[in-house]
Amino acid sequence: MPNELLKQFWSRPIIWRVPTEKESPIQYNKTHCFKYSGQKASPEEAEEERVLLDSIAWPRPPAQLANTTLEQTSDPTKSIFTILPAGGDGERHVGDQLKAVIHMHNFQGRHQPHGGDFLVARLHSPTLLAGVAGQVLDHGNGSYSAVFPLLWEGSAQVEVTLVHPYEAILVLQWVTDVHPDRISFTSLFRSGTRTETTECNRCLPPNQQPLCNYTDVLTGEPWFCFKPKVLGCDTRVNHVMGGEMKNLISKKEEMLFRSGVNLKEFINALGAKSINVLPERKEANGSHSLEPPEVMPSGYYYQGTWRTLSGVEMSPFRTSSSITQCLRSKVVHIMGDSTVRQWYWYLRDKGEIKEFDLRTPSKTGPTISIDMANNIMLKFRFHGLPIRHAHVTSASELRYISSELDHMPGGTGG
């Protein structure tokens, strides 16, 4: 049940906000970006954009949500999931599929009449250090299905998590539409002893003051800064993350993001949540008998190690000698965000490869590590703008990965 802090808002209707044309900067941002970038999407790019947007599209809110109260939103403690019985002989084997149904209820204990909740499901085994993601299907009526491939022998248990109720998704969409520039960036401009700092972003309103256009010629990625009052656009020397807008949502909307209430909370099982998986089924002739899979993820964890299902051979690198053997006489380019940067640090430190001091920020780079004895070079470069990091990045090092790849010579390494 909600605590005392929540009760003051619990039974009052939530007023869902829809961005108006005047309120939302997204409208003029798009027009402005296209106008100044000089780029027009090709049919292939337009189709790719459509596919990407369709893949993240969320159901539109039904009419009955207009006067929803917080107590009518999904309650993970009153919601349930049930593992469906195994077919045939009632046994579960490696290669089979496991199915579960999820029923969402609100804080009043009533079944939800609509879908849209953000649910994730996994099948895992703490004892085997194994886990695989399930596919969740929204039926649009408060019920969901979760499907898992059975990939290992032994114990496994289902875990279903409510990440966000549907109403929280609507709030996040509103914030994204109305405040796409909620994180600000700045650049320093310098010529001689004169310096100026102005605001920068992917798109800026065209009617406030003159702009400097730094749209990438090759990729068409837009980036703009307000033009300094005195200095020219060619005097920009760095990029820095500025502030972040606060208090964008109401107190009532904040109640949709409460840890311990409705934010990343487990859903209870009705009945058993654990199963035992037997070895693969075999036909009388000794061949394996497998179900055609309804869902197949890219891979899974077993005994703490990632195993791919794509057919690509993978090798673990747990010792410095194994890293050295793999990377000997190679130049390795690692480009991306803070996640892939961890691989650079891991290979550098575990492989005992010495980093060369380029006098650049360690977290955004570019950085280089060299093992002269084994002829190994590791290179790391952060992605292009926007870079959301407190470290100052030199303007001369602001490059997009696709452009870097276009200028990279090929090799004959095996």
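No experiment lies behind these values; they were computed from the predicted model shown. The residues of the chain are indexed from 1 along the displayed sequence.
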*Starting from the C-alpha separation in whole Å, work towards a yes-or-no answer on side chain to side chain contact (heavy atoms under 4.5 Å, CB included) for M241 and I183.*
CA-CA 8 Å; M241 189 184 85; I183 299 174; 4.0 Å; yes
_Looking at D54 and R50, is any side-chain nitrogen of the basic one under 4.0 Å from a carboxylate oxygen of the acidic one?_
yes
*Looking only at side chains, do R359 and S394 share a donor and an acceptor under 3.5 Å apart?*
no
*State plainly whether the residues R258 and E265 are in salt-bridge range, i.e. N to O under 4.0 Å.*
no
_Side chain to side chain, P149 and P297, heavy atoms closer than 4.5 Å_ = yes
*Could you tell me whether R381 and E397 have a side-chain N and a carboxylate O separated by less than 4.0 Å?*
yes
_Using modelled atom types and a 3.5 Å cut-off, is there a donor and acceptor pairing between side-chain atoms of S187 and backbone atoms of N238?_
yes
*Does L270 reach the side chain of F81, with side-chain heavy atoms less than 4.5 Å apart?*
no
*Cation-pi check, R236 to Y214: give yes when NZ or CZ is under 6.0 Å from the six-membered ring centre and within 45° of the ring axis, no otherwise.*
yes
*Could D96 and R281 be called an ion pair, given the rule that one side-chain N must be under 4.0 Å from one carboxylate O?*
yes
*Hey, can you tell me if Y166 and H114 have their rings parallel, tilted or perpendicular (30° and 60° cut-offs)?*
tilted
*Determine the interplanar angle of the F118 and H164 rings, folded into 0 to 90°, and report it as parallel if under 30°, tilted if 30 to 60°, perpendicular if over 60°.*
tilted
_Beyond-backbone contact of T393 with H389, side-chain heavy atoms, under 4.5 angstrom_ = no
_Donor-acceptor pair, side chain of S320 and main chain of E352, under 3.5 angstrom_ = no
_Cys pair C233, C225: SG separation below 2.5 Å_ = no
*Given D349, L378, I376, the one that forms side-chain contact (heavy atoms from CB on, under 4.5 Å) with S369*: L378
_Quick check: closest heavy atoms across I169 and G116, and the distance to 0.1 Å?_
CG1-O, 4.2 Å
*Under a 4.0 Å N-O cut-off, is there an ion pair linking D75 with R110?*
no
*Would you mind reporting whether F189 and T198 have side-chain heavy atoms less than 4.5 Å apart?*
yes
